[in-house]
Amino acid sequence: MAKPYASELARLQETLRWASSIDIESLIIAVKTAALSPLSAIGSGGSLTAAHALAALHQAFTGKLGLVQTPLEAANANLDTSVSQWLLSAGGSNVDINAAAVSLIEREHRQVAVMCGRPGSPITEICERHPFVDLLLFPPPAGKDGFLATNSLLGFSALLARAYTSAFNPNASWEGVTSTVEPYGDTSSGQVQSWRNAAEGIWARSTTIVLYGPSTKIGAVDLESKFTEAALGVVQPADYRNFAHGRHHWLAKRGQDTSILAFVTDEDRAIADRTLALIPSEIPIARLEVSGHGPAALLGSLLAALHVTGWAGLARGIDPGQPGVPDFGRKLYHLNLPRMGRQKASEVRAKYVNAAIERKTGEPIRRLEERKTLPHWQDALTAFIGQLQSTTFGGVVLDYDGTVVDTRHRFQPARPEIVAELERIAKSDATLAIATGRGVSVRKDLRFVLPEELWSRVIIGYYNGAMIGTLSDDSVPDGTDEVCPELKELAEAFATSDELAGSAKQTNRRYQITLEPRQFMAENRLWDIAHQLILRIGCREAIVTRSSHSVDIIASGVSKTNVIDLVRERCSGGQLLTIGDRGRWPGNDYDLLNAPIGLSVDEVSVDPVTCWNLAEPGQRGIEVTRKYLQALEAVDGGLRFREGTFL
């Protein structure tokens with residue numbers, strides 16, 4: 001329901017304080033993941049302004065490209081799946097953002113994140129069916145916006161600015177940002193009144209050219225959106241230099257109907273002064289001074305835009321919060337997208353097959369058809385599925401992080417639905433084993449969720465198979481921090497490295513050195529530094545693997561295949577099923593999933609014989625693990641996949 005616009009402006013300070021005080025750890029983790037790649041920010045209406053804020057913050061803090069798209073553009077774009085896809089929606093119910101979410105999830109981008117302000121909305125229900133999605137729920141204290149996005153837009157933008165600042169500039173003071181912008185949320189403050197006085201002379205003109213610098217683009221974008229949506233007038237946004245490339249000609253022909261509103265910060269004051277000095281004297285100019293830089297200027301320009309919208313409404317007799325919506329407008333908003341009819345069984349099967357092959361090859365099906373290589377991969381997949389369906393497994397060996405527990409919550413116990421399947425397998429004739437890069441923490445977590453009577457039936461391979469024992473064995477792992485002679489020189493080199501000083505945490509174990517970034521660092525960066533030091537001291541026997549959170553340097557002869565060998569001995573040489581998430585070299589499950597029958601819940605190797613991911617399109621991680629395990633049924637001598645498990 002529409003609200004008076006003034007009532008929404010009255011809650012801006014409340015929204016800013018909320019965005020500065022709530023727990024945003026999940027958002028910080030998500031932006032750190034996003035920082036590994038370019039990002040596409042997606043939104044409609046007011047959320048499109050928030051998408052511009054996200055893209056600007058991503059570029060400023062990570063140095064990687066930030067692209068802004070509408071849902072229609074995103075659903076039809078053919079971007080590489082390494083691009084992080086972020087969808088922003090305050091209400092989470094419009095058909096466009098939901099259709100884009102489904103499309104991007106099914107394409108299995110490395111990261112899909114959804115930022116929403118309403119629990120239980122259609123888009124959150126979509127996310128809950130696909131647990132790998134980063135669902136970021138932040139209901140603003142002001143509740144649902146009126147006709148125009150106000151507090152939700154400010155809240156989302158402030159939360160994102162705070163998250164990026166916290167993740168990538170921890171030495172900066174967020175309090176410094178809030179102290180600068182919080183007065184802008186008060187309609188009676190001196191700063192806001194100075195803006196209002198500056199803008200008084202521009203409302204007699206129907207067109208407003210909004211000039212901005214790099215840090216105030218968000219304010220200009222939002223003014224164009226709000227003036228158009230509430231029919232307040234025509235806004236033409238342009239940065240100071242793009243205005244000089246032909247856009248100034250509008251003033252020559254239509255100057256009598258046009259005014260200028262200019263955002264000015266310390267960063268762009270010189271170019272702003274020189275530009276505005278050349279504007280013909282008969283053109284009214286509103287100069288809005290915005291303090292601060294970076295996130296403070298971004299949020300300051302947005303707050304200015306929110307106030308300017310209200311003043312324009314007063315001058316033109318339109319309440320921007322209640323402008324009235326025509327009947328055809330409601331019909332346009334609720335226009336249904338084309339729906340697919342019920343899919344035939346053959347179409348469903350083709351969808352699964354194509355998804356598996358595209359994961360394996362990294363190529364779209366149409367390209368494989370053009371190269372005439374598709375039949376090769378179809379035959380390889382058919383052979384692998386045939387082997388899966390015809391084999392009785394004497395043991396199941398699983399990776400832990402990313403397979404049994406979600407990597408984002410890896411220090412929490414496994415979810416009940418996964419635990420139930422682990423219990424069922426442990427009670428069968430098959431042997432259950434876990435192969436992990438971690439140590440005693442995994443033993444503690446598994447003991448917490450599994451009944452004690454099963455501990456002796458579960459094998460754990462710690463530190464990538466360096467130490468192996470049953471879950472009931474207190475002596476494994478031994479926890480020593482003294483590395484073996486083979487890794488001793490390398491451990492000392494890491495500890496005294498200038499490249500790693502302060503940026504990475506080093507944990508030594510007997511047969512493994514683990515490096516984890518103390519603050520954000522791209523996976524490739526830590527990997528490159530580790531290799532550089534290994535080559536420098538000439539330690540050629542060490543093996544280097546990586547997971548989503550660390551780089552592990554392990555002694556020669558240490559491998560998760562050690563766990564496979566032990567389990568195979570226990571089941572008298574019977575066939576084993578291995579399951580993990582990092583099957584692509586140099587992932588730490590490459591050896592594990594290179595076994596004759598290896599199933600991935602995420603990344604796969606290029607080997608056509610094994611290490612396939614047979615999940616339904618749009619799923620990965622622990623949900624896929626659950627479905628794999630759920631499909632195994634106990635038989636004499638072990639476990640078999642139920643008939644028809646894999647289409």
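As the structure is a prediction and not an experimental result, all values here were calculated from the model.
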Begin from the C-alpha positions of Leu261 and Leu223 and carry the test side-chain contact (heavy atoms from CB on, under 4.5 Å) through to its verdict.
CA-CA 10 Å; Leu261 185 149; Leu223 279 176; 4.2 Å; yes
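- Ionic pairing of Arg408 and Asp134 is present here: one or more N-O contacts between side-chain nitrogen and carboxylate oxygen are shorter than 4.0 angstrom.
- Judged purely by distance below 3.5 Å, without hydrogens or angles, the side chains of Ser40 and Trp86 never pair a donor atom with an acceptor atom.
- Between Thr70 and Asp96 the shortest side-chain heavy-atom distance does not fall below 4.5 Å.
- Atom CZ of Arg162 and atom CG of Leu160 lie 11.5 Å apart (nearest 0.5 Å).
- Under the side chain to side chain contact (heavy atoms under 4.5 Å, CB included) test applied with Leu12, the options Thr187, Leu302, Asn151, Val181 reduce to a single match, Asn151.
- The salt bridge (charged side-chain N to carboxylate O under 4.0 Å, His left out) contacts involving residues 224-249 comprise Asp222-Lys226, where partners must be two or more places apart or lie in separate chains.
- Contact record, Gly292 with Ala297: O-CB, 3.9 Å, taken as the closest heavy-atom pair.
- With a 6.0 Å radius and a threshold of 12 heavy atoms from other residues, nucleotides or ligands, Lys217 has its NZ atom at or below the threshold.
- When side chains are defined from C-beta on, Thr216 does not count as touching Leu288, because their heavy atoms never get closer than 4.5 Å.
- Nearest heavy-atom pair, Ala161 versus Leu299, reported as atom, atom and distance to 0.1 Å: CB-CD1, 4.4 Å.
- In this pair, His58 and Tyr164 present their aromatic rings perpendicular. The plane angle is above 60°, beyond the 30 to 60° band.
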For Val31 and Leu54: C-alpha separation, side-chain torsions, deciding distance, then whether side-chain contact (heavy atoms from CB on, under 4.5 Å) applies.
CA-CA 10 Å; Val31 300; Leu54 170 56; 5.6 Å; no
Apply salt bridge (Lys or Arg N to Asp or Glu O under 4.0 Å) to the pair Glu516 and Arg518, showing each step before the final yes or no.
CA-CA 6 Å; Glu516 298 173 277; Arg518 293 187 184 276; over 6 Å; no
For Thr265 and Asp268, run side-chain hydrogen bond (donor to acceptor under 3.5 Å, both in side chains): C-alpha distance rounded to whole Å, both residues' side-chain angles, the deciding distance at 0.1 Å, then the answer.
CA-CA 6 Å; Thr265 70; Asp268 49 46; 3.2 Å; yes
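- A salt bridge links Arg410 to Asp401: at least one charged side-chain nitrogen sits closer than 4.0 Å to a carboxylate oxygen.
- Within a 6.0 Å radius of NE2 in His293, no more than 12 heavy atoms belonging to other residues, nucleotides or ligands are found.
- Between Arg269 and Glu267, none of the side-chain N atoms (NZ, or NE/NH1/NH2) sits under 4.0 Å from a carboxylate O, so this pair counts as no salt bridge.
- For the 3.5 Å distance criterion, the side chains of Ser84 and Ser37 qualify, holding a donor opposite an acceptor.
- Neither side chain, Ser166 nor Trp174, offers a donor N or O lying under 3.5 Å from an acceptor on the other.
- A salt bridge links Arg17 to Glu182: one of the charged nitrogens lies within less than 4.0 Å of a carboxylate oxygen.
- Listed for the Glu8 side chain is a donor-acceptor partner under 3.5 Å among the backbone atoms of Gly146.
- Side chain to side chain, Thr150 and Asp145 meet the donor-acceptor criterion of an N or O pair below 3.5 Å.
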Start with the C-alpha distance between Leu88 and Phe156, add both sets of side-chain angles, then the distance that settles side-chain contact (heavy atoms from CB on, under 4.5 Å), and finish with yes or no.
CA-CA 9 Å; Leu88 294 88; Phe156 278 16; 4.3 Å; yes
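- In terms of heavy atoms, Gly402 sits closest to Val601 at O-CG2, 3.7 Å.
- A salt bridge links Glu106 and Lys351; the closest N-O separation between the charged side-chain nitrogens and carboxylate oxygens is under 4.0 Å.
- Between Asp80 and Arg110 no salt bridge is recorded (no basic side-chain N to carboxylate O distance below 4.0 Å).
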The test is side-chain contact (heavy atoms from CB on, under 4.5 Å); show your working for Ser291 and Tyr184 and say whether it passes.
CA-CA 10 Å; Ser291 300; Tyr184 295 158; 3.3 Å; yes
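- Note that CG of Asp186 and CG of Leu303 are 11.0 Å apart. Values are rounded to the nearest 0.5 Å.
- Taking every heavy atom of both residues into account, Val95 and Tyr333 meet most closely at CG2-O, 4.4 Å.
- The environment of CZ in Phe328 is sparse: at most 12 heavy-atom neighbours from other residues, nucleotides or ligands sit within 6.0 Å.
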